[in-house]
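Below: one structure, written as structure tokens.
What's counted below: heavy atoms across the whole structure, side chains too, no hydrogens, waters or symmetry copies. Since we're looking at a predicted model, the values are computed, not measured. Reminder, nothing fancy here: chain letters follow the sequence lines and each chain counts from 1.
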Protein chains: 2
Amino acid sequence: MALSKTGRKGRHGMRLSELSERSGVSTATIKYYLREGLIPAGLRVSATQAEYDEGHLRRLRLVRALIQVGRLPVATAREVLTHVDDESLGRTIRLGAALWALPHGPSPDEDAPETAEARAHVAALLTELGWSTALELGDLSPVHRSLVASVASLVRLGYPCDIGYLTRQARIMEQAAVHDLDEMETYGSEAEQVEKAVASAVLYEPLLMSLRRLAQSEESARRYGL
Amino acid sequence: MALSKTGRKGRHGMRLSELSERSGVSTATIKYYLREGLIPAGLRVSATQAEYDEGHLRRLRLVRALIQVGRLPVATAREVLTHVDDESLGRTIRLGAALWALPHGPSPDEDAPETAEARAHVAALLTELGWSTALELGDLSPVHRSLVASVASLVRLGYPCDIGYLTRQARIMEQAAVHDLDEMETYGSEAEQVEKAVASAVLYEPLLMSLRRLAQSEESARRYGL
DNA sequence: CACCATTGGATAGCGCAACTCTCCAACCAA
DNA sequence: TTGGTTGGAGAGTTGCGCTATCCAATGGTG
């Protein structure tokens, strides 16, 4: 372990190994992410040396969060980050593009008869909710497609998935979404807002689901005892 | 096993190949699931032949849902199903045991300084919420641990994850949980209720998250236009 | 009864994804 | 110089969810 030329954790000029130490990610893995284009190349300071800065560290942490917490496949993470980085787009579109690329469950199985039923179910639900944007985009949106796939699975398993129940749950999710956007607006820069939105989608989802399960346990204990 | 004696819908015996046709799962894969103990063995009718019934079909569909939609590793699915099948337990415990075994994100990294902070955050949150059961079980519960891990990730990325925001989201999730339990109570048998709870956890979660993202899009369009 | 496709069971192999290892020449501080 | 370190590239490893192959017992058909 040789002393690098900078003893301090300087704002600029980290080596790959220092990036590794500070992030807790092995150099081999960082090299892999660099190869895969998840992290921008460092500043080439000579033929065989490159420098990394705080931005790289931050990006690396985001990548780890996407992959480890959010369970995104590497290829998907790359696509999402491409949109996050694309400053040529306006906020809304940039945000939409990033979310658009986010992980979706398996696409609906078009051969299964339940899929058509599920599609109709979802259309009725969106109509009921008055979510015209989602209704118009329809099958083009990956989110819409995973929704259809989820409903199809439930139908296939014999759960009714009735519109009233889904509508109520959707209204609840709407509250959550409103909170999220309120929260997002507290972030100043556009880049931060977009990153926040991505984090919101991939990091807050497991968090919310954990909260939901805890709430279920609480409610169950309340109703039936321990 | 338990299933062959309890869940008789149709008495009519199927061969493995018919089970495959009706479920859309290849015979090879079904054999794999049998080997892995995800599906109880068929009724051995001779040295090299076995019969399967509607219960097996239903179980097979549940397995596919857990693995394909819920993304459960095979080993985890087996563990969950073991609890679902365990008729020696009371409903609440059985339900809890099944949910207990469900997939959790990565465990918190004890080496990271953020983890301690996250743990304190979560404790404060649970106190604020009055969720005493969750508070008492604390770190024993996998759900609690993934919650801590999620919060730690957010903190690590620089998001404040403030208690007020989390409390509001938790209250919203509480509403969702109450709906779920209401819905669950409409199912008659205990076995069905437990299965419903599992389905609720693994199938409804992606569904709810899809709804949340759609709601975010709607709200974003409402605020900022397309 | 004889025939042979089918069945269930066991084992080995495949394909993908996410790393991880190995090598090497360039580099830089001592 | 010199010896440890660096970045880059490709091959290797691991784990998992299947999938393909083989085999003997079976059982419907003629």
Just call it for [X]: base, sugar-phosphate, or nothing, with non-hydrogen atoms closer than 4.0 Å on any strand.
X: S17(B); result: sugar-phosphate
X: L34(B); result: nothing
X: A28(A); result: base

- [ ] May I have all residue pairs that pass ring-ring contact (aromatic ring centres under 6.0 Å, His included) and include part of residues 59-87 of chain A, sequence neighbours excluded?
- [x] none
Could you check which of [options] has an atom nearest any side-chain atom of [X]?
X: T48(B); options: dT26(D), dC27(C), dT20(C); value: dT26(D)
X: Y52(A); options: dG8(C), dT19(D), dG8(D); value: dG8(D)
X: R44(B); options: dT7(C), dG9(C), dC19(C); value: dG9(C)
X: S46(A); options: dC27(C), dT19(D), dG8(C); value: dC27(C)

Open item on the list: Under a 3.5 Å threshold, yes or no: a donor from one side chain and an acceptor from the other, between Y165(B) and Q169(B)?
Closed with: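 Checked: Y165(B)/Q169(B) side chains pair up, N/O donor to acceptor below 3.5 Å.
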Task: Any side-chain donor near an acceptor of the partner, S20(A) and S17(A), under 3.5 Å - done: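 Side chains of S20(A) and S17(A): no pair found under 3.5 Å.
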Task: Separation of atom CD in E51(A) from atom P in dA26(C), rounded to whole Å - done: 20 Å
Open item on the list: Could you tell me how far apart I67(B) (CD1) and dT19(D) (P) are, to the nearest whole angstrom?
Closed with: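 The distance from CD1 of I67(B) to P of dT19(D) comes to 12 Å, rounded to the nearest Å.
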Open item on the list: My understanding is that only residues two or more places apart in sequence, or in another chain, count here; which of them pass ring-ring contact (aromatic ring centres under 6.0 Å, His included) with Y33(B)?
Closed with: none
Distances under 3.5 Å between nitrogen or oxygen atoms of protein and nucleotides 13-16 of chain D:
none

Task: Counterpart residues, side chain to side chain donor-acceptor pair (under 3.5 Å), relative to E117(A) (two or more places apart) - done: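 So E117(A) forms no side chain to side chain donor-acceptor pair (under 3.5 Å) with any residue.
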TODO: Between L16(B) and Y33(A), just flag the one whose closest nucleotide in DNA chain C comes earlier from the 5' side.
DONE: L16(B)
Scan nucleotides 28-30 of chain D against the protein and return all N/O pairs shorter than 3.5 Å with their distances rounded to 0.1 Å.
none

TODO: May I ask you to decide whether E51(A) forms a salt bridge with R44(A), counting only side-chain N to carboxylate O separations under 4.0 Å?
DONE: no
Task: A177(B) to R212(A) - nearest heavy-atom pair and separation - done: CB-O, 4.1 Å
Task: Within-4.5 Å side-chain heavy-atom neighbours: E54(B) and R22(B) - done: yes
Provide a list of protein-nucleic acid N or O atom pairs under 3.5 angstrom, restricted to nucleotides 10-12 of chain D.
from	atom 1	to	atom 2	distance (Å)
dG10(D)	O6	R35(A)	NH2	3.3

